[in-house]
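For reference, the structure is listed below as structure tokens.
Note that these values count all heavy atoms, side chains included, but never hydrogens, waters or copies made by symmetry.
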Amino acid sequence: MNAMASLGRRLRGGRSVEIIPEARMSGPMPWVIAIMVALTAIALAAGLALGNAVSAARAEIAGGVTVQIIEPRSEIRADEAARAVAAIKTMPGVAGLRLVPQEELDALIEPWLGTGIAAATGSAIPVPALIDVRLRGPATPAQLEAISRRVTPVAPSARIDAQSNWLRPVFDAMVSLQVLSIALVALLAMALAAAVLLAARSALGANRDTIEIVHLLGGTDAQVARVFQRSIGYDAAGGGTVGLALALVVILVLARRFAGLGAGLVDNGALVWSDWLLLALVPILATLLAMVTARLTVLHALRQML
């Protein structure tokens, strides 16, 4: 009786009391939250990396134009390439250009056709001459038409393409994957809220008798909700920390694997400091989401209970 009276005085005084057991990192809830946070951080990192890669690649090739000399006869092809270079040099708006050496072209086709392809095949498989042109601004249709008018008279076999055009399908696919990663983050947040909702309702059902006694002693719904909110908050904070640690291990391992590819798009997708800051916020936001969900769930259930 003395204990009950003391509990009643503490409740009427607005002080926080421990209504339900609050064992830390016990039961399935912290580990469910850890898994959710880990998956969310990995999905978010993937989306950020894809966004960085697309932005960097677009900025790099926005003013890029490729001129191909597709003449099959090597002597004429070389002559047309030299005349095309001379014609483009005199155009306004050109920041730079480079005739790609034959060695680089051989290296580009080597993975598909093998080594020594030029010597082995002679003119059987003619490789177009490539001229890499860099404009001071984005490559517009008007600029491509101007280059074509200047190059075609001296190099009839020339073909002019904006580099952004033939990479557009790649960019579209990467943007689609980025949207998918954002959608996955949203779905995981909803799943986390649903898991907390179910856990809070289960805890309410298990402690229904205790809660009724607390109400008889003068306890308010807000005090009861605060206890559940604090308990879920501890579980979410611990599970979120574990989940973020697991996600960082996965992200770093994958980053090392992709860095070994040496591909330009992969290198441009490296995470920057602001991305790491967003990843660090994931367990904090998950904890806040869990606490708000628990509080609203408990308050709603208590209004229906009484």
Side-chain angles (χ1 to χ4, degrees), residues 19-52 173-208 211 221-222 224-255 258 269 271 274-305:
I19 301 174
I20 60 174
E22 297 184 48
R24 304 293 173 248
M25 296 299 290
S26 63
M29 180 50 57
W31 307 110
V32 170
I33 294 176
I35 294 172
M36 295 293 184
V37 168
L39 293 176
T40 301
I42 294 171
L44 179 60
L48 293 172
L50 287 170
N52 293 342
M174 295 178 69
V175 170
S176 299
L177 291 175
Q178 187 180 16
V179 172
L180 179 61
S181 66
I182 295 173
L184 182 58
V185 170
L187 289 175
L188 288 170
M190 294 173 61
L192 174 63
V196 172
L197 186 149
L198 293 176
R201 294 184 70 89
S202 175
L204 274 172
N207 295 274
R208 185 184 182 93
I211 293 172
D221 289 350
V224 175
R226 192 180 303 120
V227 173
F228 284 90
Q229 175 183 331
R230 185 173 63 248
S231 178
I232 291 293
Y234 284 129
D235 287 346
T241 302
V242 174
L244 180 62
L246 293 175
L248 291 178
V249 172
V250 174
I251 292 169
L252 292 175
V253 170
L254 291 178
F258 280 108
L271 299 179
S274 57
D275 299 332
W276 292 109
L277 180 61
L278 287 176
L279 293 178
L281 290 176
V282 170
I284 299 176
L285 296 177
T287 301
L288 292 176
L289 176 62
M291 294 177 68
V292 170
T293 302
R295 182 176 183 84
L296 295 179
T297 301
V298 171
L299 289 175
H300 178 71
L302 289 176
R303 282 196 294 267
Q304 293 181 335
M305 184 183 300

Heavy atoms only: give me the nearest Met29-Ala199 pair and the separation to one decimal.
-> CE-CB, 3.1 Å

Give the table of side-chain donor-acceptor pairs shorter than 3.5 Å for residues 280-294, with sequence neighbours excluded, one pair per line with atom names and distance.
{"from": "Thr287", "atom 1": "OG1", "to": "Pro283", "atom 2": "O", "distance (Å)": "2.8"}
{"from": "Thr293", "atom 1": "OG1", "to": "Leu289", "atom 2": "O", "distance (Å)": "2.7"}

Could you pull out the closest heavy-atom pair between Ala247 and Ala38, with the gap in Å?
-> CB-O, 3.6 Å

Spatial distance of atom OG1 (Thr241) from atom CG (Leu246) [nearest 0.5 Å] | 11.0 Å

Return the set of residues passing side-chain contact (heavy atoms from CB on, under 4.5 Å) with Leu279 (not counting sequence neighbours), or none when no residue passes.
-> Ala41, Leu44, Ala45, Ile251, Leu271, Trp276

At their closest point, which heavy atom of Gly243 faces which heavy atom of Val37, and how far apart are they?
-> C-CG1, 4.1 Å

Scan the side chains in residues 173-193 for donor-acceptor partners under 3.5 Å anywhere in the protein, sequence neighbours excluded, and list what turns up.
{"from": "Ser176", "atom 1": "OG", "to": "Asp172", "atom 2": "O", "distance (Å)": "2.9"}
{"from": "Gln178", "atom 1": "NE2", "to": "Gly47", "atom 2": "O", "distance (Å)": "3.4"}
{"from": "Ser181", "atom 1": "OG", "to": "Gln178", "atom 2": "O", "distance (Å)": "2.6"}

